[in-house]
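Working notes, structure below.
Chain letters run A, B, ... following the sequence lines, proteins first and then strands; every chain starts at 1.
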Amino acid sequence: MTDPKRYLVTAALPYANGLKHVGHLAGAYIPADIYARYLRARKKDVVFVCGSDEHGTAIPIQAKKENTTPRAIIDKYHEAMKQDFDDLSIQFDVYHRTSEPLHHETAREFFTMLHENGDLETKESEQYYDEEAATFLADRYIKGTCPNCGSDRAFGDQCETCGRTLSPDELINPLSTLSGKTPVKKQTKHWYLPLGKHEQFLRDWILRDHKDDWRHTVSGQCRSWIDGGLQSRAVTRDLDWGVPVPLEEAAGKVLYVWFDAPIGYISATKQWALNNNRDWKPYWYDNDTKLVHFVGKDNIVFHCIIFPVMLKLHGNILPDNVPANEFLNLEGDKMSTSRNWKLDMRDYINDFVKKDNGGGQCVDMLRYYLTQIAPETKDSEFTWKGFQDAVNSELVSIFGNFVNRTFVLMHKLCAGKVPKLHEAVLDDNDKQMIADIAAAKESVENCLENYRFRDGLFQVIDLARKGNQYMQKKEPWILAKQVAEKPELQQQIHNCLHICLQLTANLALLVNPWLPSTAQKMCYMMKVVEKMLDWENAGKLKLLSVGYALREPQLLFRKIEDDEITYQVNKLKSGALQTNETPAPVPEKPAVPAKDIIQFDDFAKIELKTATVISCEKVPKADKLLKLEVDLGTEKRTIVSGIALHYTAEEMVGKQVVVVTNLAPRKMKGIESQGMILCAEDKSGKLQLVKPENPVDPGSNVS
RNA sequence: GCCGGGGUAGCUCAGCUGGUUAGAGCAUCGGAUUCAUAACCCGAAGGUCGGCAGUUCAAGUCUGCUCUCCGGUACCA
């Protein structure tokens, strides 16, 4: 979009069921914050909105887990996340929450318009209903036995043990988690958003109009979705936590969280307008508003497909870009909450920012490193060693050191004041440096405009590097020793320090979107007001006035010591170890079976036998399936088993396994499976075969 | 399996519509220097651009096949 009148920048609404980690930061919040700060520095009309996403079934679930109420959960995590963002200099213009009445009202209005315009479909279906609690049960509120792994910790949407996606109908022995009773099937009506109707619009808008300006990771994923066929999506669901559907016939139903959450951007904008006595409407209705969504790649489909369709139907503007980032790994592995392999924002804040030698410099160190490794084009990796290297050899040695030596020399050679620039004696080095400052402004700006934050920050550091080179060529400390014999050298010294100081001011300005605390500290040292950081001053040589006295230098960044790094790495590893070794917290009543008690006769219905794998091959065109021939002593059978991710076909041959031999046969990928192989599965989802301690004859009964 | 995105120096990445000896930063090694947080500066070394084949006067850059990593999706009794 050329020359937008105003900007609306959004960062993904974090879900209020736990603390967020540095992957979230690198993925959405830091890039969004950099962009918003840049626009503010350019005096653009910009609103940067975010807020807590507080609906959805995971909230009441989390409440149960923590033995409290949903309200307490969202209040707790809303405050915590808000605080963490604040501690890391993520400067939203408004941080709202979807539990606010303003949001409910906004979401209701949104739904109502779509409904009244006939843009939604309705469908009746049978859903589980808890008669005692007199409510329909969300998938998450039904538990039962997993048809896949047999675990009793399966829910209507997913099995906790094997992670398989489920539908409530698949559960064996479904039970309501509310009453503990067996639910009944009951007719229910829901509203759907028919995405398929908008396929052509999406194709034109994304694949044609934004062919060149969207990241190809983003448009590629969109194409994948569109080509895969766009299904209608339920907008409502039977749940009591969320925005009630504003229809009389929809009592007990709420808007699906995916529907109400992005509308949170709109309600946040409204709240901002109220707080600042402004009009929110142009930000969502005027075509000269540039809307940019910052999200992680898991959110692409919502922000590029679903929400735009909603916005179009509702008469709003569409996002100009969705610069989604990929994922951030940690020390060689994916970040994972369940395995405790992660770095929470709060942990960093406590271990670095809140320490005596911490503060803003540590905030900026993290912002620096997370930008430097930002997964803009592919997944990237956070390592503590990398963090240390980036801080020590770039921030400290190049950037911090340049500023420091400039200030020290200025105090030693120029009496603590900004020296004069003697234009008549400018040499090639001076001129080149001046040109480099102007050029840096252009390249940094270009990067920022195109969401290349990693490259932009590199350009800033590179300018500091050029400053070091320049100073080295000029060697004012050498000139100072000769000035007694050659007084004319004093002008060279002045020119060098003048340019270095103006360069320092420029560095403060250019680095400000990325490292705001550092920019402020530099302003303090230069005794200038923050207005100097206005982008229009960039590239110029007049940021500091001649003769102006500056403060004593203070170091911009401290070094990261080796022991801090080893401490963090050990902490990460031992934390992960703990979760691996300690089983899930034992409930107060130990090991009450979740399944119904059965009699011996029931058990006896299952025939279990040992078998030896004779041969084994991978089922073609299936990732998880192995086809096995097993010897049951008296017979041989073919079994198809979903263990290919854990065992290779070769290593299965010769192994003894336990087989359910009287299970009804089932065809998979065209092969009839005549039994089932038993496996144990740990928390991480790793499968282990169940087998006799010592080999026994094939066909031995297991009981 | 299908769809999408990657695989370029030890690490993190640039390389647009094909064109001279494939680039940068960090790390490493050597040198120089002292204004500076043993910092800076100069220099060197380091790559059969995942593999194979093809198109072309010319391919990291185009085509086909293949291996591998990351998502999504199907298979999981």
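Comparing B/G71, B/A77, B/C75 by their closest approach to the side chain of A/K624 singles out B/C75. Comparing B/A77, B/G72, B/G6 against the side chain of A/M668 picks out B/A77 as the nearest. Of the candidate nucleotides B/A77, B/C75, B/G25, B/A77 has the atom lying nearest to any side-chain atom of A/M676. Closest approach to the A/K334 side chain among B/C75, B/C70, B/C26 is made by B/C70 (side chain taken as heavy atoms from C-beta onward). When distances run from any side-chain atom of A/A622 to the nucleotides B/C75, B/C3, B/A14, the shortest one goes to B/C75.
In this structure, A/V619 reaches neither bases nor backbone, as no heavy-atom distance under 4.0 Å exists between it and the strands shown. When heavy atoms are screened at a 4.0 angstrom cut-off, A/G467 is found touching no nucleic acid atom at all. As judged by a 4.0 angstrom heavy-atom cut-off over every strand, A/S641 is placed among residues touching the sugar-phosphate backbone only.
Using cut-offs of 30° and 60° for the angle between ring planes, the A/H21 and A/H24 rings count as parallel.
The residue among A/W225 and A/E326 whose nearest nucleotide of RNA chain B is located toward the 5' end is A/E326. The residue among A/C222 and A/K297 whose nearest nucleotide of RNA chain B lies closer to the 5′ end is A/C222.
Distance NZ (A/K618) to C1' (B/G1): 9 Å, rounded to an integer number of Å. B/C26 atom C1' lies 16 Å from atom CZ of A/F387, rounded to whole Å. What separates CG of A/D455 from P of B/U12 is a distance of 17 Å, to the nearest Å. Atom OH in A/Y368 sits roughly 13 Å away from atom P in B/G25 (whole-Å rounding). Across the protein-nucleic acid pair, A/L608 atom CG and B/A77 atom P stand 16 Å apart, rounded to whole Å. As a whole-Å value, the separation of A/D298 CG from B/G5 C1' is 15 Å. Regarding A/I305, its CD1 atom lies at a distance of 14 Å from the P atom of B/U73, rounded to whole Å. Separating the CD atom of A/E376 from the P atom of B/G6 is a distance of 14 Å, rounded to the nearest angstrom.
The phosphate of B/A14 has OP1 or OP2 within less than 4.0 Å of a side-chain N or O from A/R454.
Between B/G64 and B/U56, the distance separating the two C1' atoms is 16 Å to the nearest Å. Across the P atoms, B/C29 and B/A39 are found 12 Å apart, a figure rounded to whole Å. Nucleotides B/G60 and B/G51, compared at atom P, are 11 Å apart to the nearest Å. Going from the P atom of B/U20 to that of B/A59 covers 11 Å, rounded to whole Å. Between B/A24 and B/G43, the two P atoms lie 11 Å apart (nearest whole Å). Across the P atoms, B/A58 and B/C42 are found 40 Å apart, a figure rounded to whole Å. The same atom, P, is picked in B/U61 and in B/C52; the two are 12 Å apart, to the nearest Å. Separation of the C1' atoms belonging to B/C2 and B/C75 is 12 Å when rounded to the nearest angstrom.
Across all strands shown, B/C40 has no partner, as no Watson-Crick or G-U wobble contact with both distances under 3.5 Å is found. B/G71: Watson-Crick or G-U partner is B/C3, with both key distances under 3.5 Å.
Under a 4.0 Å N-O distance rule, the pair A/D389/A/K385 qualifies as a salt bridge.
A/E394 meets the side-chain hydrogen bond (donor to acceptor under 3.5 Å, both in side chains) test with A/Y368, A/Q372; sequence neighbours excluded. For the side chain to side chain contact (heavy atoms under 4.5 Å, CB included) test, residues two or more places apart in sequence or in another chain that qualify with A/R551 are A/Y524, A/K527. In terms of the ring-ring contact (aromatic ring centres under 6.0 Å, His included) criterion, residue partners of A/H210 (sequence neighbours excluded) are, by chain and number, A/W205, A/W214.
Checked by atom type and distance alone, the side chain of A/R367 pairs as donor or acceptor with a backbone atom of A/W514 at under 3.5 Å.
No more than 12 heavy atoms of other residues, nucleotides or ligands sit less than 6.0 Å from atom NZ of A/K417.
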Could you list the donor-acceptor pairs under 3.5 angstrom formed by side chains in residues 495-508 of chain A, with sequence neighbours left out?
unit_1, atom_1, unit_2, atom_2, d
A/N495, OD1, A/H422, N, 2.6
A/N495, ND2, A/H422, O, 3.1
A/H498, ND1, A/P419, O, 2.8
A/H498, NE2, A/Q502, NE2, 3.4
A/Q502, OE1, A/L543, N, 3.0
A/Q502, OE1, A/L544, N, 3.1
A/Q502, NE2, A/L541, O, 3.0
A/Q502, NE2, A/L544, O, 2.9
A/T504, OG1, A/C500, O, 2.8
A/N506, OD1, A/G539, N, 2.7
A/N506, ND2, A/Q502, O, 2.9
A/N506, ND2, A/K540, O, 2.8

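Residue pairs meeting the ring pair (Phe, Tyr, Trp, His ring centres under 6.0 Å) criterion with at least one partner in residues 443-471 of chain A, sequence neighbours excluded, are A/Y35-A/Y451.
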Contact letters for nucleotides 32-44 of chain B, in which S counts primed atoms plus P, OP1 and OP2 and B counts the base, heavy atoms under 4.0 Å
--SBBB-SBSS--
